[in-house]
Amino acid sequence: MAAQFTAQGGIPITPALAMELRQLVFGTSAIPMRAEWTQTPFLFGSPKDEYAYGLRSQRNATRGLLSVVQGFVLKNLLFGRKTTRAAALADPLSPTVDMQRDALVSALIEILRIIADKGKVVVVLPSPDECFVDHSALYFHDGVTEKLYLFTLNHSDELEFFIKRNYKVFTAEDSPGTLLFLYSAVLTRTMGRVRSDLDSTKTVPLTMTNNEEGSLMIVTLLLTGRATPYIHNGVINVGDESSYAVPQYGVLSRCVIGLLLWENEAGQNSLVVRQPGSRLKTPNYPIWITLCAGHYGVMFNRNADLLRNYHAESRFDLYYYSCSGREIIFSIDNRSYNDQALGMLERQMSSTESTSLSGKPKDDIGKEEVKEELAVNTPLQKLIHTKWEEAQVRFQAQPSTLSYLFSTQQ
């Protein structure tokens with residue numbers, strides 16, 4: 001294997017680089033990272049299973065990364081160029097094994113190209129039988145980092161050939177596929193730039209978060225090419241009378257796929273109080289990575305022109321997928337606020353008549369209506385309203401499914 005990696009241009013990792021990489025990504029090299037990073041591959045369900053388009057994993061710290069890759073997988077399944085007649089005729093949400101493979105390869109390549117920004121791409125692969133870093137008090141072996149080979153590739157055909165050739169390394173059961181891809185993203189961006197992205201005024205690791213499903217900085221690195229904790233548009237200078245203004249670099253251009261975020265009240269005490277700007281809320285394709293009440297998922301529509309056509313956006317269906325293997329379909333009625341206001345006025349005018357029929361006081365009826373609205377005001381609806389503020393949302397799902405998706409047990 002060593003000869004094969006060397007023949008492909010691989011360079012063994014150095015002890016200094018291994019230590020620096022672990023410290024930047026996980027905060028320390030003296031103890032290993034959480035075990036799921038070394039055991040979570042990119043894994044689809046069987047093509048015969050329901051939701052065969054979806055990557056699967058247990059709820060753990062890799063969910064944010066997996067959700068971004070899932071978003072790009074959907075982009076390629078729904079809107080990518082179909083190279084075979086069979087793929088053109090197949091339902092993109094019921095892919096074959098070949099379609100799954102092609103979509104995942106295209107997703108990994110596209111993300112690395114966004115990060116590289118026409119520069120070189122660095123991809124890492126582990127040797128099964130070599131170790132380049134000694135175990136010590138400063139470096140605790142994790143079984144992956146100390147065995148890495150680094151490959152520097154052109155972002156064009158060379159990268160595509162390499163990913164296809166080593167596809168199984170990222171997808172074999174219990175492989176560290178997600179960790180290898182995270183390291184590749186960081187080294188492609190370069191560690192100096194990632195450190196600067198994270199905010200030079202603070203010393204924080206890339207994975208720092210209170211969220212069990214992963215850091216938002218990993219998500220922004222894969223979506224935008226920069227590991228920024230700031231998701232507003234452009235650059236904001238922050239300072240006061242006693243200090244110089246410090247620039248906070250947010251999202252600098254419109255993204256290929258987007259991000260929607262809703263945090264509960266406890267989330268306001270997180271690292272950064274945030275709400276995505278329009279460059280994330282209105283991406284090039286109708287696909288959004290979602291972070292909702294601490295849970296990552298992907299929301300998408302099958303019409304590529306949804307965000308370019310006012311009439312299409314008036315009323316449409318959205319899919320929500322979680323890497324737990326659950327899908328929800330819901331309808332968005334985004335017609336004008338005036339129509340909704342008129343309907344509310346008509347209901348208020350008729351409430352006097354309904355009081356005499358029901359035998360209940362007018363105030364009691366109002367309380368029942370409010371109670372009903374609160375009962376269906378789920379975290380996912382609040383998330384949707386951050387993008388379509390006046391939309392009416394109708395779920396094609398049982399309440400138990402919604403509760404499961406946003407529980408702490410999934």
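Residue numbers count from 1 along this sequence. Any value given below was found using the heavy atoms of this structure, including those in side chains, with hydrogens, waters and symmetry copies removed.
Judged by distance alone, the side chain of Arg113 and the main-chain N or O of Ser156 form a donor-acceptor pair under 3.5 Å. Put simply, the side chain of Thr224 never gets that close to the backbone of Val251: no donor and acceptor are under 3.5 Å apart. A donor-acceptor contact shorter than 3.5 Å links the side chain of Thr207 to the backbone of Val25. At distances below 3.5 Å, at least one donor-acceptor pair connects side-chain atoms of Tyr296 with backbone N or O atoms of Gly214. Checked by atom type and distance alone, the side chain of Arg226 never pairs as donor or acceptor with a backbone atom of Leu221 at under 3.5 Å. At least one donor-acceptor pair under 3.5 Å links the side chain of Glu146 to the backbone N or O of Gly143. Within the 3.5 Å criterion, the main-chain N or O of Arg315 finds no donor-acceptor partner in the side chain of Arg335. Using modelled atom types, no side-chain atom of Arg326 and backbone atom of Tyr320 make a donor-acceptor pair closer than 3.5 Å. With Trp288 contributing its side chain and Lys281 its backbone, the two residues share a donor-acceptor pair below 3.5 Å. Panel note: side chain Thr228, backbone Tyr249; a donor-acceptor pair is recorded below 3.5 Å.
Close placement of the Tyr149 and Phe132 rings is indicated, their centers lying within 6.0 Å of each other.
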Steps toward side chain to side chain contact (heavy atoms under 4.5 Å, CB included) verdict (Leu182, Leu206)
CA-CA 10 Å; Leu182 177 59; Leu206 180 60; 3.9 Å; yes

Set out, in order, the CA-CA distance, both residues' side-chain angles and the distance that settles side chain to side chain contact (heavy atoms under 4.5 Å, CB included) for Leu148 and Leu17, then state yes or no.
CA-CA 10 Å; Leu148 294 179; Leu17 181 59; over 6 Å; no

Please assess Tyr230 against Ile236 for the test side chain to side chain contact (heavy atoms under 4.5 Å, CB included), listing each intermediate value before the final yes or no.
CA-CA 10 Å; Tyr230 306 112; Ile236 295 176; over 6 Å; no

For Ser314 and Asn334, run side-chain hydrogen bond (donor to acceptor under 3.5 Å, both in side chains): C-alpha distance rounded to whole Å, both residues' side-chain angles, the deciding distance at 0.1 Å, then the answer.
CA-CA 5 Å; Ser314 293; Asn334 198 41; over 6 Å; no

For Val186 and Leu21, run side chain to side chain contact (heavy atoms under 4.5 Å, CB included): C-alpha distance rounded to whole Å, both residues' side-chain angles, the deciding distance at 0.1 Å, then the answer.
CA-CA 9 Å; Val186 169; Leu21 186 59; 4.0 Å; yes

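Side-chain contact between Leu93 and Leu78 is present, with heavy atoms from C-beta onward closer than 4.5 Å. Looking only at side-chain heavy atoms (C-beta outward), Met208 and Leu198 stay at 4.5 Å or farther from each other. A heavy-atom distance below 4.5 Å is found between the side chains of Asn154 and Lys120. Leu104 is not listed as a side-chain neighbour of Phe170, based on a closest heavy-atom distance of 4.5 Å or more. With a 4.5 Å cut-off on side-chain heavy atoms, Ser57 and Arg63 count as touching. Side chains of Val144 and Leu180 form a contact here, defined as non-hydrogen atoms less than 4.5 Å apart. You'll find the side chain of Ile257 stays beyond 4.5 Å of the side chain of Val298, heavy atoms only. Residues His295 and Ser322 fail the side-chain proximity criterion, which asks for heavy atoms closer than 4.5 Å.
The two atoms that bring Tyr53 and Val73 nearest to each other are O-CG1, 4.0 Å, heavy atoms only. Scanning both residues, Gly297 and Ser67, for their nearest heavy atoms gives N-OG, 3.9 Å. Of all non-hydrogen atoms in Leu306 and Ala312, the two that sit nearest each other are CD1-O, 3.5 Å. The nearest pair of heavy atoms linking Met19 to Ser29 is CG-OG, 3.2 Å.
Put simply, CG on Leu55 and CG on Leu74 are 8.5 Å apart, with the number rounded to the nearest 0.5 Å. Between atom CD1 of residue Ile218 and atom CD of residue Glu213 there is a gap of 12.5 Å, rounded to the nearest 0.5 Å. Atom CG of Leu260 sits about 5.0 Å away from atom OG1 of Thr386, to the nearest 0.5 Å. Separation of atoms CG (Leu383) and NE2 (His385) is listed at 10.0 Å; rounding is to 0.5 Å. Atoms CD1 and CD, from Ile384 and Gln392 in turn, are 12.5 Å apart once rounded to the nearest 0.5 Å. With values rounded to the nearest 0.5 angstrom, Leu216 atom CG is found 6.5 Å from Leu261 atom CG.
Using the six-membered ring where Trp is involved, Tyr51 and Tyr321 have ring planes that are perpendicular, over 60° apart on the 30 and 60° scheme. In this structure, Phe162 and Phe151 have tilted ring planes: the angle between them lies in the 30° to 60° band. By the 30° and 60° cut-offs, the orientation of the rings of Phe26 relative to Tyr183 is perpendicular.
Within the structure, salt bridge (Lys or Arg N to Asp or Glu O under 4.0 Å) pairs that include any residue of residues 11-32 comprise Glu20-Arg195, Arg22-Asp142 (at least two apart or interchain).
Counting non-hydrogen atoms of other residues, nucleotides and ligands closer than 6.0 Å to NE2 of His135 gives a total above 12.
With salt bridges taken as basic N to acidic carboxylate O contacts below 4.0 Å, one links Arg302 and Asp91.
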